[in-house]
Amino acid sequence: MKLANPTVLPSGILGERQGMLEAAAKGGAGLLVTKSVTLRPREGYRGPVLVPTPAGGIMNAMGLPNPGIEEFSRTYAARVGGRPVIPSIHASSPDELRQLAMAVDRLGPPAIEVNLSCPHAGGSRPDALVSQDPAETARAISAICTNTDVPIIAKLTPNVSDIVEIAAAALYAGASAIAAVNTFAAMDVDVNFERPVLGNLIGGLSGPAIRPLALRKVADIAVAMRTGCIDQAPIIASGGAASGEDLARFILVGATAVGMGSAVYERDAGVFAAASAELDAWMQAKGYRRLGDFRGKVIDWLATEKECADEPIGKAVERAAEAGKAAPRR
Ligand code: RRO
């Protein structure tokens, strides 16, 4: 997929309505990802659903508001404002994922994102997330890949100690790309009312406050790809990017494209064109002509003389396969 520029409207706190996709395309985003869609409509949680935090973050617990796959299918277009639109899907079981994959496949999308990582999909007492477990991750990806030939992007949670073993499982089971990362599990406390500030009590943190945390997770995956621990695949990064320099930071640690969600909320959809122009200026000053001239350059610092400690693909996937849950596509 050739993009006009490396900026992406990610699934997450925005993009529920067609209007958001149009605004992001008009604002210069190179790629659009829809708000995650579920089998049945969801209204979302009661408010407050979005709360800014003092240290440059935004906390959310939107609760996956979306019209459900039937209505979604009526309004979906594979391109909006000339930009490719990737549907994001979310489900609570592999069987639901299978049904969603078949429904979305019929819409002719350029790729499908599977959101395995909403930190509060289960309300205020969430179960473990799919992408907190390699076997569950492989099982989810397999359920989709066996029902569509469309490339699958696995959106992962940062709320794990080792994101590499999750990425390994996703790629092994047939994912073509990794989206990293979703929001960090979070909460804040209102000292007047002596209760959590979000309507759902707990939520996820995004925005500039998480940028160094997200960079580290993306770098971990890129190092594993460089050292041959896991398959090479595009990484669509997200986590607090808001400027051309931020785009450069994520591309320097190996990202192919970079999402900007909270930055749209903080500013407006013009942030995509502005950040792209800033990136162009940065590249010109550095003498770079294309993104490939500097992509992954910072990984040189991290991967030197380091080799994969395990067999390629790694112990996570072996464990997933042993559990009998992974049905690899290749
Ligand atoms: O809708 C949400 O509350 C939400 C989702 Br689906 C997600 O993947 N990540 C997030 O922070 N919020």
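Heavy atoms only: backbone and side chains are in, while hydrogens, waters and symmetry mates are out. For reference, positions follow the sequence shown, starting with 1.
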I need the [X] [atom1] to [Y] [atom2] distance, nearest 0.5 Å.
X      : Y      : atom1 : atom2 : value
Asn66  : Ile89  : CG    : CD1   : 11.5 Å
Asn60  : Ser262 : CG    : OG    : 8.0 Å
Leu129 : Asn182 : CG    : CG    : 8.5 Å
Asp162 : Ile221 : CG    : CD1   : 9.5 Å
Ser206 : Leu50  : OG    : CG    : 8.0 Å
Thr34  : Tyr76  : OG1   : OH    : 8.0 Å

[X] and [Y]: side chain donor to acceptor below 3.5 Å:
X      : Y      : value
Ser124 : Asn200 : no
Ser93  : Asp95  : no
Asp280 : Gln284 : no

Main-chain N/O of [Y] paired with [X] side-chain donor or acceptor, under 3.5 Å:
X      : Y      : answer
Arg195 : Asp190 : no
Ser117 : Ser131 : no
Thr157 : Asn159 : yes

Taking everything shown except Glu71 itself, do over 12 heavy atoms lie less than 6.0 Å from its CD?
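Correct, the count exceeds 12.
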Neighbour count >12 (heavy atoms, 6.0 Å) for atom CZ, Arg216:
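Atom CZ in Arg216 is not crowded, with 12 or fewer foreign heavy atoms closer than 6.0 Å.
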Is there a path of hydrophobic side-chain contacts, each under 4.5 Å between heavy atoms, that joins Phe272 and Met20?
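Phe272 clusters together with Met20.
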Hey, quick one: are Leu64 and Phe184 part of the same hydrophobic cluster, counting side-chain heavy atoms closer than 4.5 Å, chains of contacts allowed?
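Result: no, two separate clusters.
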Between Lys217 and Asp220, does any NZ, NE, NH1 or NH2 come within less than 4.0 Å of an OD or OE carboxylate oxygen?
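Salt bridge between Asp220 and Lys217, a charged N being under 4.0 Å from a carboxylate O: no.
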Could you go through the side-chain contact (heavy atoms from CB on, under 4.5 Å) check for Ile178 and Leu156 one step at a time?
CA-CA 7 Å; Ile178 299 294; Leu156 305 187; 3.8 Å; yes
Parallel, tilted or perpendicular: which describes the rings of Tyr288 and Trp282, with under 30° parallel and over 60° perpendicular?
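Plane angle between 30° and 60°, so tilted.
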So if I apply the side-chain contact (heavy atoms from CB on, under 4.5 Å) rule between Ile251 and each of Val218, Leu279, Asp246, which one comes out positive?
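Between Ile251 and the candidates, side-chain contact (heavy atoms from CB on, under 4.5 Å) is satisfied uniquely by Leu279.
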